[in-house]
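Working notes for the structure below.
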There are 2 protein chains.
Amino acid sequence: MPTDENPGTQLQQDELLAALRALSNPHRLAILQWLRDPVKNFEEQKVDATRYGVCVSSIRKRCEVSQSTASQFMATLADADLVQTTRIGQWTYFARNEAAIDRFRSSVATSL
Amino acid sequence: MPTDENPGTQLQQDELLAALRALSNPHRLAILQWLRDPVKNFEEQKVDATRYGVCVSSIRKRCEVSQSTASQFMATLADADLVQTTRIGQWTYFARNEAAIDRFRSSVATSL
DNA sequence: CCTCAAAATCGTTATATCGCAATTTACCGA
DNA sequence: TCGGTAAATTGCGATATAACGATTTTGAGG
């Protein structure tokens, strides 16, 4: 049974559902895919995108949506634990949470 | 992109999205999971559930939703190609489309 | 302190989804 | 050809999601 101390390999049903819901939007799905290669898929930024991911402004430009919409997209992905957040100064960087994504994959593979 | 060497192991982006959307509802997600063992998870019916799946009435009872809602759920899953449909007389049986589900798994594993 | 910039949150409108009851369609058996 | 039953479709109200502009919050740097 996955807990904070025990990062299990299986998601709970409600966690699985949350991930599926987060990915059921074309923008959010694309963002998570783009984040596989942030340097290639997003514009230059000060901070190492490979390490910390990309900021809301980069996502906003790539998606061609408003700042509030981009922020909301990332909040949804973060709520589903599919991305992790790093705040540096006035910027918030979002990177893929590969461990959580692997748990999602595992759940899709075995409990679907 | 399905080709001769690679016969449909990957979904197009819109197919992947359709599957994610179909599974982003708790009832539809549960139905697909229940269909892994239709004999155990649904009530008795005339036709071999292992072979043909289960009919709308069985799904309706298991989900405790109306007939029209159950029918709509299955239409959504069928549109996303996650289940296949067999009409026998006045009954429509729904079974998992394991090949399509495997393609979905593969897409989640590699393109997510 | 003040100002600027980035991001989060709020408030709103438009659209989509959910789930139902009612109806229609499809198919069976008498 | 008529009922009866299963499922699909239609139409609807309630709720949820999408996306935006405006505002507030957060932090950097004078």
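To find a chain, count down the sequence lines: A is the first, B the second, and so on, and within it residues start at 1. What you see is a predicted model; the values in this text were computed from it and never measured.
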[X] and [Y]: which non-hydrogen atoms are nearest, and at how many Å?
| X | Y | result |
| --- | --- | --- |
| B:Ser107 | B:Leu11 | OG-N, 2.9 Å |
| B:Met74 | B:Ile59 | SD-CD1, 3.5 Å |
| A:Ser66 | A:Thr69 | OG-OG1, 3.0 Å |
| B:Arg105 | A:Val108 | NE-O, 3.1 Å |

Nearest whole Å is fine: how far is [N] [atom2] from [X] [atom1]?
| X | N | atom1 | atom2 | value |
| --- | --- | --- | --- | --- |
| B:Leu23 | C:dC18 | CG | C1' | 17 Å |
| B:Asp79 | C:dA16 | CG | P | 16 Å |
| A:Lys61 | C:dA6 | NZ | C1' | 11 Å |
| A:Phe73 | C:dT9 | CZ | P | 16 Å |
| B:Leu17 | D:dA18 | CG | C1' | 14 Å |
| B:Arg60 | D:dA6 | CZ | C1' | 11 Å |
| B:Ile59 | D:dA7 | CD1 | P | 9 Å |

Problem set entry | Check: A:Ser111/A:Gln10 side-chain N/O donor and acceptor closer than 3.5 Å | no
Problem set entry | Donor + acceptor pair across side chains of A:Ser68, A:Ser71 (<3.5 Å) | no
Distances under 3.5 Å between protein N/O atoms and the N/O atoms of nucleotides 8-12 of chain D, please, pair by pair.
residue: D:dA8; atom: OP2; partner: B:Ser71; partner atom: OG; Å: 2.7
residue: D:dA8; atom: N7; partner: B:Gln67; partner atom: NE2; Å: 2.7
residue: D:dA8; atom: N6; partner: B:Gln67; partner atom: OE1; Å: 2.7

Exercise. Under 4.0 angstrom, heavy atoms only, what part of the nucleic acid is B:Tyr93 near: base, sugar-phosphate, or nothing?
Worked result: nothing
Seminar exercise, completed: CD of B:Gln84 to OH of B:Tyr93, rounded to nearest 0.5 Å, is 15.0 Å
For this session: Spell out, yes or no, whether B:Leu16 and A:Leu23 are grouped together once hydrophobic residues are joined by side-chain heavy atoms under 4.5 Å, including indirect joins.
Result: yes
Problem set entry | Of residues 27-44 of chain A, the positions that come close to DNA chain C - non-hydrogen atoms, cut-off under 4.0 Å | none
Problem set entry | B:Ser66 side-chain proximity, nearest of D:dG21, C:dA21, D:dA28 | C:dA21
Seminar exercise, completed: Of D:dG27, D:dA19, C:dC18, the nucleotide closest to the side chain of B:Asn25 is C:dC18
Problem set entry | A:Phe42 atom CZ, neighbour heavy-atom count above 12 within 6.0 Å | yes
Problem set entry | 5'-most by nearest nucleotide on DNA chain D - A:Gln90 or A:Glu64 | A:Glu64
